[in-house]
A.B. asks: 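So that we are looking at the same thing, I have put the structure below in structure tokens.
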Amino acid sequence: MDVDALAAAPDAVARRVLGATLRGRGVAGVIVEVEAYGGVPDGPWPDPAAHSYRGPTGRNAVMFGPAGRLYTYRSHGIHVCANVAGGPDGVAAAVLIRAAVITAGVELARERRGLRADAALARGPGNLCAALGITIDDNGVDLFDPDAPIRLELAVPADAVLAGPRVGVSKAVDRPWRFWLPGISAVSAYRRSPRAPAPPEP
DNA sequence: TAAAAGATATCCT
DNA sequence: GGATATCTTTTAG
């Protein structure tokens, strides 16, 4: 497994990133929950919920670049979210890292996050970035460069993976592009976006 | 130049 | 479980 394995469709990239180890600034964790995003309206997987849907902009340019780069963006002003860019160069694909289990540097992670339950240290995209020390300025770093401050170590794909709808999106609400490992307490509880259309009443 | 929306987290009831 | 804080990016006028 190397960076070439990430030059694929968003959902395939998501499955490959799941279970990988993300190292950043003294803290490392195994990724246990991800969401796939990507595509443009005329592409093979149009995804109206993705930042890339309306074409490249200054913010989402990394999504259109080569695989293996870190795409960070700010949400609601304060939170930072981390993505791994996927797809071949020129194709928009990214995997949002939603949760991880800290395997090294727990003390440091606790210090950054304030004292909290271990399972909550890197649960949720914003919290995960805080625990690993990832900031908005890390946008575009090559995760496979040995000298990069943030690195990704791919593992063999997990055999047991669960899939379901993405959290907090108001478009393409029912697309099962969220993937997580079973039996992990750090996986987020599913929350439908308050702006999403009401679910069909059975 | 202005306004709205957003891939959230936290605190309150 | 539900409302709100908070600010950047994008889009419209």
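Numbered from 1 within each chain, the chains take letters A, B, ... in sequence-line order.
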A.B. asks: Roughly how many Å is it from CD1 in A:Ile134 to C1' in B:dT8, rounded to a whole number?
C.D. replies: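 Spelled out: CD1 on A:Ile134 to C1' on B:dT8 is 16 Å.
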A.B. asks: Do A:His51 and A:Tyr73 have their ring centres less than 6.0 Å from each other?
C.D. replies: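 Yes, the ring of A:His51 comes within the 6.0 Å limit of the ring of A:Tyr73, centre to centre.
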A.B. asks: If B:dT1 has a Watson-Crick or G-U wobble mate with both distances under 3.5 Å, name it; if not, just say none.
C.D. replies: C:dA12
A.B. asks: Just how far, in rounded Å, is P of C:dT8 from CG of A:Asn60?
C.D. replies: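 To the nearest whole Å, that distance equals 18 Å.
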A.B. asks: What nucleic acid atoms does A:Arg74 come within less than 4.0 Å of, heavy atoms only: base, sugar-phosphate, or nothing?
C.D. replies: sugar-phosphate
A.B. asks: Please classify the nucleic acid contact of A:Asn127 as base, sugar-phosphate, or nothing, using heavy-atom distances under 4.0 Å.
C.D. replies: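 Sugar-phosphate, backbone atoms only, no base.
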A.B. asks: For the pair made of OH in A:Tyr53 and C1' in B:dA7, what is the distance, rounded to whole Å?
C.D. replies: 16 Å
A.B. asks: Looking for any heavy atom pair under 4.0 Å, which part of the strands does A:Arg191 touch: base, sugar-phosphate only, or nothing?
C.D. replies: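 Base contact.
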A.B. asks: In Watson-Crick or G-U wobble terms, both distances under 3.5 Å, what is the partner of C:dA3?
C.D. replies: B:dT10
A.B. asks: Would you say A:Tyr37 stacks on B:dA7, if stacking means ring centres under 5.5 Å apart and planes within less than 30 degrees?
C.D. replies: yes
A.B. asks: Donor-acceptor pair, distance only, cut-off 3.5 Å: does the side chain of A:Asp145 make one with the backbone of A:Asp147?
C.D. replies: yes
A.B. asks: Provide, to the nearest angstrom, the distance between the CZ atom belonging to A:Arg166 and the C1' atom belonging to B:dG6.
C.D. replies: 14 Å
A.B. asks: A:Arg59 side chain: which of C:dT9, B:dA9, B:dT10 is closest?
C.D. replies: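 Nearest to the side chain of A:Arg59 among the choices is C:dT9.
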A.B. asks: For C:dA5, does OP1 or OP2 lie under 4.0 Å from any side-chain N or O of A:His76?
C.D. replies: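 Checking C:dA5 against A:His76, no side-chain N or O comes under 4.0 Å of OP1 or OP2.
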A.B. asks: Using whole Å, report how far CG of A:Leu121 lies from P of B:dA9.
C.D. replies: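 Answer to the nearest Å: 14 Å.
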A.B. asks: In residues 10-34 of chain A, what donor-acceptor pairs under 3.5 Å come from side-chain atoms, sequence neighbours left out?
C.D. replies:
residue : atom : partner  : partner atom : Å
A:Arg16 : NH1  : A:Ala5   : O            : 2.6
A:Arg23 : NE   : A:Glu153 : OE1          : 3.4
A:Arg23 : NE   : A:Glu153 : OE2          : 2.6
A:Arg25 : NH1  : A:Gly133 : O            : 3.2
A:Arg25 : NH1  : A:Asp138 : OD1          : 3.4
A:Arg25 : NH1  : A:Asp138 : OD2          : 2.9
A:Arg25 : NH2  : A:Asp138 : OD1          : 3.2
A:Glu33 : OE1  : A:Ser188 : N            : 2.9
A:Glu33 : OE1  : A:Ser188 : OG           : 2.8
A:Glu33 : OE2  : A:Arg98  : NE           : 3.3
A:Glu33 : OE2  : A:Arg178 : NH1          : 2.6

A.B. asks: Atom CD1 in A:Ile136, atom CZ in A:Arg74: separation rounded to 0.5 Å?
C.D. replies: 4.5 Å
A.B. asks: In Å and rounded to the nearest 0.5 Å, what is the CD1 to CG distance from A:Ile102 to A:Leu128?
C.D. replies: 7.0 Å
A.B. asks: Measure from the side-chain heavy atoms of A:His79 and tell me the nearest of C:dT11, B:dA7, B:dT8.
C.D. replies: B:dT8
A.B. asks: Atom OH of A:Tyr190 to atom C1' of B:dA9: distance rounded to whole Å?
C.D. replies: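 For the pair A:Tyr190 OH and B:dA9 C1', the rounded distance is 18 Å.
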A.B. asks: Check the distance between B:dT8's P and A:Leu96's CG and give it to me in whole angstrom.
C.D. replies: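 Those two atoms, CG and P, are 8 Å apart.
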A.B. asks: Whole Å only: how far is the NZ atom of A:Lys171 from the C1' atom of B:dG6?
C.D. replies: 10 Å
A.B. asks: Please state whether the phosphate of B:dA7, meaning OP1 or OP2, lies under 4.0 angstrom from any side-chain nitrogen or oxygen of A:Ser75.
C.D. replies: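 Result: no.
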A.B. asks: Within less than 4.0 Å of OP1 or OP2 of B:dA5, is there a side-chain N or O belonging to A:Ser170?
C.D. replies: no
